[in-house]
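Working notes for the structure below.
Keep in mind the model is a prediction, meaning the values are calculated, not measured. Each residue takes its place number in the sequence, starting with 1. These values consider heavy atoms only, across backbone and side chains, with no hydrogens, waters or symmetry-generated copies.
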Amino acid sequence: YLAWDKTVQTLDGVFSVASRPGYCPSAGCPGYEMRLLSAQGQRIALPGSGYGYDVIARIGWQRQEHHASYPEIHADLETRVQISESYVRYLYQQVYLPLLACQEQQHQHRLEQAVQHHGGLILALDGLAPEGGEAQLWFIRELFTGLTLRSGWLSQFDHGTFEAFLTPLTTALPGPVVAVLSDKQRGLLPAVATVFPQAYHHFCHAHYLKNLAEPWAAMDSAFKVDLRKAVREAVGPLIRAEVTTSATPSNVLCVTGMFPDELTVAEVSAADDTSADEIREAAVLAQLFRHTRYLLTLKGRPPCRLAGIETYQHLWRVVDFTEQLLLHHPHPQLRQLNHGLHTALRPFAQRYQDLRQGATWLEAMAQILDPDPAAPRTGDEVAQTLRAYLDDLQHVPARSPDLAAFRQHLEQTSTSYWAGLFHCYDIAGLPRTNNDLESLFRDTQRRLLRTTGQKGQTRRALQRTGAWELLPRFSLESQCLEALRQIEDSQLRTEQQRLRQHLARFRLHTRSDSQTCAQFDRLRQLWFSLAKTSTG
């Protein structure tokens, strides 16, 4: 007789797949008393599913690698299989993502190999900033293997929550944890010390430098705002206007489409031609005005790039350049630009000097922490160098109260981070920063944004399935298909239940009146099933 018989749609065609039960004839084998099913048949499709593994793998591959939307995936599949767009969404969210998580759980042996080779494991922790009051998505990765150990949401960020998040690893990991890499979250420090008391807790250098630069970046931002305001008051109308040589200037700059503007090409035929000189003047002035407008839009990236300092420096370069041009060929608008920028920039000279001094301190400290591959240093050597530099700063005369306060901030922040700054120089495989993990967050957000096309949908996807979307992907579709076929049905059911329990948190996250009323009806039925009280 047949254990099961079903029709399966695959990318290669529609098949009728059946399995006869069997048993092992050896009385000493556990399969002697078991009802064995066809392994080959189970590799074609999931139990209870009428779509082959290749269809599921194609949906996941198109969604994650080609950033295809559900309508695009449906349009690609409907030429080969009969499937609805809503079921494409179901197979991706409810089947493919849980299969991806189950596949990640099959690599326990790689952790054992890392323990044997390196003597222990290194964990990296980081969290994605929460949106709209929702829980924060946190991620734990083992650095030697790149495996995802735990990924999930935390509603609080205190000692107890982090400890509960980390504790299951103490019994699950096949060896000791040598080091932990993270930012210096207040609740995370005692949690790591409690769960992994023998591990070194290394703090991310990028976060350390960013915290060092935080007050100085705020001052630089205020400096940039005041500088832009002064420049726009001095030369704003001049640089906003487009330079033209036409007798009837137009504010319409460039038009294309079905009815574009006529293309005019100005030819300069002779050096002494009056019109040619006007064209040259207009070209130079237009480029200078556009460059000046661009400089007022610069954005900073602390700690290394401060937009206020950079804007001030480049504007002075424009002043020097225009002075050179005026010496050769005076022009009223060029003189107006030079005089206006000079007048606007001169009052900011002292503030710029102070900001430049503080930025120099930040650059020097970042350089001390940056290792030179040709001359490796120990953690003690780097600590001594940084300590000596901070001590030297205390003897540098502070030209302003802001510099004195910033110098004190550098000392206090460094003291707070000191215990976890230098482990990376002594432990092989421990990176200085957590940038790789943060890049995973950024790449996932960028991929989801390209897929959904909307920031709102990207945030919703991260809140609902972010822990599964962050899992490592396959380099080839064939590898994806082969890996999904190895997943046991019981393991998949467990992961699907875990996903459904998480998605249940968002049942009332809807603007649809019909969906809201349906959920209210369900809640009303649950509530009315309770025993009626006397006050009811």
Exercise for the section: Please assess Tyr92 against Tyr96 for the test ring pair (Phe, Tyr, Trp, His ring centres under 6.0 Å), listing each intermediate value before the final yes or no. Expected result: CA-CA 5 Å; Tyr92 176 75; Tyr96 175 78; 5.7 Å; yes

For residues [X] and [Y], report the shortest heavy-atom separation together with the two atoms involved.
{"X": "Pro237", "Y": "Arg240", "result": "N-NH2, 3.6 Å"}
{"X": "Leu448", "Y": "Ala461", "result": "CD1-CB, 4.1 Å"}
{"X": "His331", "Y": "Leu326", "result": "N-CD2, 3.8 Å"}
{"X": "Ile122", "Y": "Glu142", "result": "N-OE2, 3.0 Å"}
{"X": "Val382", "Y": "Ile368", "result": "CG1-O, 4.0 Å"}
{"X": "Trp418", "Y": "Leu390", "result": "CZ3-CD1, 4.0 Å"}

Practice task
Tell me, with the steps shown, if Thr415 and Gln412 meet side-chain hydrogen bond (donor to acceptor under 3.5 Å, both in side chains).
Solution key: CA-CA 5 Å; Thr415 301; Gln412 292 176 351; over 6 Å; no

Keeping the roles fixed (side chain from [X], backbone from [Y]), state whether a donor-acceptor pair exists under 3.5 Å.
{"X": "Asp372", "Y": "Ala374", "answer": "yes"}
{"X": "Thr297", "Y": "Tyr294", "answer": "yes"}
{"X": "Asn434", "Y": "Leu125", "answer": "yes"}
{"X": "Gln106", "Y": "Cys102", "answer": "yes"}
{"X": "Arg150", "Y": "Phe165", "answer": "yes"}
{"X": "Asn338", "Y": "Val319", "answer": "yes"}
{"X": "Glu233", "Y": "Ala230", "answer": "no"}

Practice task
Before giving the answer on side-chain contact (heavy atoms from CB on, under 4.5 Å), spell out for Leu296 and Ile239 the whole-Å C-alpha distance, their side-chain angles and the decisive distance to 0.1 Å.
Solution key: CA-CA 11 Å; Leu296 300 182; Ile239 63 176; 4.1 Å; yes

Handout entry: His502/Trp153 aromatic ring centres below 6.0 Å
Key =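 Yes, ring centres under 6.0 Å apart.
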
Practice task
Check whether the ring centres of Phe223 and Tyr352 lie less than 6.0 Å apart, and answer yes or no.
Solution key: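 No, they do not, as the ring centres are separated by 6.0 Å or more.
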
Are [X] and [Y] ion-paired here, with the side-chain N under 4.0 Å from a carboxylate O?
{"X": "Arg141", "Y": "Asp436", "value": "no"}
{"X": "Asp277", "Y": "Arg280", "value": "yes"}
{"X": "Glu363", "Y": "Arg356", "value": "yes"}
{"X": "Asp220", "Y": "Lys224", "value": "no"}
{"X": "Asp370", "Y": "Arg432", "value": "yes"}

Handout entry: NZ or CZ of Arg473 within 45° of Trp61 ring axis and under 6.0 Å
Key =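 The answer is no; the distance or angle limit is not met.
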
Problem - Over-ring placement of Lys184 relative to Tyr417, 6.0 Å and 45° cut-offs - result: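 Yes.
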
Atom [atom1] of [X] and atom [atom2] of [Y]: how far apart are they, to the nearest 0.5 Å?
{"X": "Thr458", "Y": "Leu449", "atom1": "OG1", "atom2": "CG", "result": "4.5 Å"}
{"X": "Ile309", "Y": "Thr360", "atom1": "CD1", "atom2": "OG1", "result": "7.5 Å"}
{"X": "Gln287", "Y": "Thr292", "atom1": "CD", "atom2": "OG1", "result": "11.0 Å"}
{"X": "Leu341", "Y": "Leu238", "atom1": "CG", "atom2": "CG", "result": "9.0 Å"}

Distance-only donor-acceptor check, side chains [X] and [Y], under 3.5 Å:
{"X": "Tyr425", "Y": "Glu381", "answer": "no"}
{"X": "His329", "Y": "Glu281", "answer": "yes"}
{"X": "His201", "Y": "Ser182", "answer": "yes"}
{"X": "Gln384", "Y": "Asp380", "answer": "no"}
{"X": "His342", "Y": "Arg346", "answer": "yes"}
{"X": "Trp468", "Y": "Glu495", "answer": "yes"}
{"X": "Asp426", "Y": "Tyr200", "answer": "no"}
{"X": "His159", "Y": "Glu163", "answer": "yes"}
{"X": "Asp158", "Y": "Thr161", "answer": "yes"}

Practice task
Decide yes or no on side-chain contact (heavy atoms from CB on, under 4.5 Å) for Val195 and Phe162, but give the supporting numbers first.
Solution key: CA-CA 10 Å; Val195 180; Phe162 282 119; over 6 Å; no

Problem - side-chain contact (heavy atoms from CB on, under 4.5 Å) assessment of Thr433 paired with Cys424 - result: CA-CA 9 Å; Thr433 69; Cys424 61; over 6 Å; no

Problem - Glu469: which of Arg446, Arg63, Arg447 passes salt bridge (charged side-chain N to carboxylate O under 4.0 Å, His left out) - result: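 Output: one option passes, namely Arg447.
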
Practice task
State which residue, out of His67, Gln445, His66, fulfils the side chain to side chain contact (heavy atoms under 4.5 Å, CB included) condition with Arg450.
Solution key: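 One option only clears the test, and that one is His67.
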
Practice task
Begin with the C-alpha distance, continue with both residues' side-chain angles, and end with the deciding distance and a verdict on side-chain contact (heavy atoms from CB on, under 4.5 Å) for Leu285 and Leu337.
Solution key: CA-CA 9 Å; Leu285 291 173; Leu337 176 64; over 6 Å; no

Exercise for the section: Please state whether the rings of Trp361 and Phe406 are parallel, tilted or perpendicular, taking 30° and 60° as the class boundaries. Expected result: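 Rings of Trp361 and Phe406: parallel, as their planes differ by under 30°.
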
Exercise for the section: Please lay out, stage by stage, how Asp354 and Gln350 fare under the test side-chain hydrogen bond (donor to acceptor under 3.5 Å, both in side chains). Expected result: CA-CA 6 Å; Asp354 293 343; Gln350 185 59 49; 3.2 Å; yes

Problem - Test log, rule side-chain hydrogen bond (donor to acceptor under 3.5 Å, both in side chains), inputs Ser475 and Gln479 - result: CA-CA 7 Å; Ser475 56; Gln479 293 178 356; 2.9 Å; yes

